[in-house]
Amino acid sequence: MGAPSPVGGATNRLFDPLSAWYARTARDLPWRDAGCSPWGVLVSEVMLQQTPVARVLPVWRRWMEQWPTPADLAAAGPGEAVRAWDRLGYPRRALRLVDAAVAIRDLHGGRVPAEEEVLRSLPGIGEYTAAAVASFAFGRRAVVVDTNVRRVQARVVTGVALPAPSYTAAERRLATGLLPEDAADSVQWNIGLMELGALVCTARAPRCRECPLQAECAWVAAGSPAHDGPPRRGQKWAGTDRQARGRIVQALREADGPLPRAEVLAASGAPEAQAERCLAGLLEDGLAEGDDATGYALPT
DNA sequence: AATCCGTGGAC
DNA sequence: TGTCCAAGGAT
């Protein structure tokens, strides 16, 4: 690759060791293959939203075999997609991916758009995913900031253990200033930071001894101080609507045909009022359909 | 801006 | 064992 030619001085010092480390260490993931289509990249990015790589891999492979193009998925029913989504979690992502495929087919000639603004208009594609697809699928210069990039930036540049609870304008500004000017370099930078955050600069027990940026890391230089700030509130799980909804969708996914209302409510494992609320919510979201007469099932 | 939305592995 | 958290998005 060519010279980094970044605007900021920090990137000058970080780019080469990061690139060398990536070339040596990066995982061989199918959506990183040169032959992977932009659609394959887009599907991977949506599946990877809040879901670990190891769980995405087998589902992505089946998905791409079944629906190798946006038009293939656009022709499928949402229920098929939710079933193929399996246990990745947040199954509304599967519905939005179908909607995105329909938009790509009907509004964009069946091809995944390369421009961030156009990608952003697709259902389920937000700031991160639009930038990631533009960068990784099309080699565009885009500011890609995910949880890994935020954490690496926080440590290496800002010198704190963890980033703020939610993505801030200051973080976006910092990432924008760090991004190499050259498009090809910017892609390397983005993927390198993400991989470093995933494999070395991890949330819990960072492997600083293996880090190619250790010598340049502001957090290490400061003595790796513990997180200073409001304790991060862990999300509750037991007894929540999310748990009950998950159980209902799981029951619908595994069922051969429509389930009676009573069976759906029982599957939720929740008190009746909560179970009713969750079923209503799933119907509203399009993750279930039916009525008391026909029974309830995944959408057709 | 804060909350909601699944799932399961790691520790 | 319970807590943490993983390539976020929508409202």
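By convention in this document, chain letters (A, B, ...) are assigned in the order of the sequence lines, proteins followed by strands, and residues within each chain are numbered from 1.
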Which heavy atom of [X] sits nearest to which heavy atom of [Y], and what is that distance?
| X | Y | value |
| --- | --- | --- |
| A/Cys36 | A/Trp31 | SG-CA, 3.7 Å |
| A/Gly192 | A/Leu18 | O-CD1, 3.6 Å |
| A/Arg105 | A/Ala74 | NH1-CB, 3.7 Å |
| A/Val46 | A/Arg93 | O-NH1, 3.0 Å |
| A/Gly139 | A/Val187 | CA-CG2, 3.8 Å |
| A/Arg151 | A/Gly197 | NH2-O, 2.8 Å |

Between [X] and [N], does any side-chain N or O lie under 4.0 Å from OP1 or OP2?
| X | N | value |
| --- | --- | --- |
| A/Thr147 | C/dA6 | yes |
| A/Ser44 | C/dA7 | no |
| A/Gln50 | C/dG8 | yes |

What integer distance in Å separates [X]:[atom1] from [N]:[atom2]?
| X | N | atom1 | atom2 | result |
| --- | --- | --- | --- | --- |
| A/Arg92 | C/dG8 | CZ | P | 16 Å |
| A/Lys236 | C/dC5 | NZ | P | 14 Å |
| A/Arg242 | B/dG8 | CZ | C1' | 13 Å |
| A/Leu88 | C/dG8 | CG | C1' | 14 Å |
| A/Gln235 | C/dC5 | CD | P | 10 Å |
| A/Trp237 | B/dC5 | CH2 | C1' | 9 Å |
| A/Tyr90 | B/dC5 | OH | P | 9 Å |
| A/Asp99 | C/dA10 | CG | P | 11 Å |

Using a heavy-atom cut-off of 4.0 Å across all strands, would you classify [X] as base, sugar-phosphate, or nothing?
| X | result |
| --- | --- |
| A/Glu127 | sugar-phosphate |
| A/Asp241 | sugar-phosphate |
| A/Arg150 | nothing |
| A/Leu29 | base |
| A/Arg253 | sugar-phosphate |
| A/Gly126 | sugar-phosphate |
| A/Arg32 | base |
| A/Trp85 | nothing |

Nearest to the side chain of [X] - [options]?
| X | options | answer |
| --- | --- | --- |
| A/Arg87 | C/dA7, B/dG8, B/dG6 | B/dG8 |
| A/Ala203 | C/dG8, C/dA7, C/dA6 | C/dA6 |
| A/Val53 | C/dA7, B/dG6, B/dC5 | C/dA7 |
| A/Tyr128 | C/dG9, C/dA6, B/dT7 | C/dG9 |
| A/Ala198 | C/dA7, B/dG6, C/dG9 | C/dA7 |

For this session: For C/dA7 versus B/dC4, give the span between their P atoms, rounded off to a whole number of Å.
Result: 23 Å

TODO: Sticking with atom P, work out how far C/dG9 lies from B/dG8, rounded to a whole angstrom.
DONE: 22 Å

Give every pair of a protein N or O atom and an N or O atom of nucleotides 9-11 of chain B that lie under 3.5 Å apart, one pair per line with the distance.
none

Is the base of C/dG9 touched by the side chain of A/Thr129 through a donor-acceptor pair closer than 3.5 angstrom? no

Side chains of A/Thr51 and A/Met47: closer than 4.5 Å at any heavy-atom pair?
no

Aromatic centroids of A/Trp85 and A/Trp63 separated by under 6.0 Å = yes

Closest to the 5' end of DNA chain B, once A/Arg93 and A/Ser166 are matched to their nearest nucleotides, is A/Ser166

Judged by nearest nucleotide, the residue sitting upstream toward the 5' end of DNA chain C, A/Glu195 or A/Arg120, is A/Glu195

So, are A/Arg245 and A/Asp285 salt-bridged, with charged N and O less than 4.0 Å apart? yes

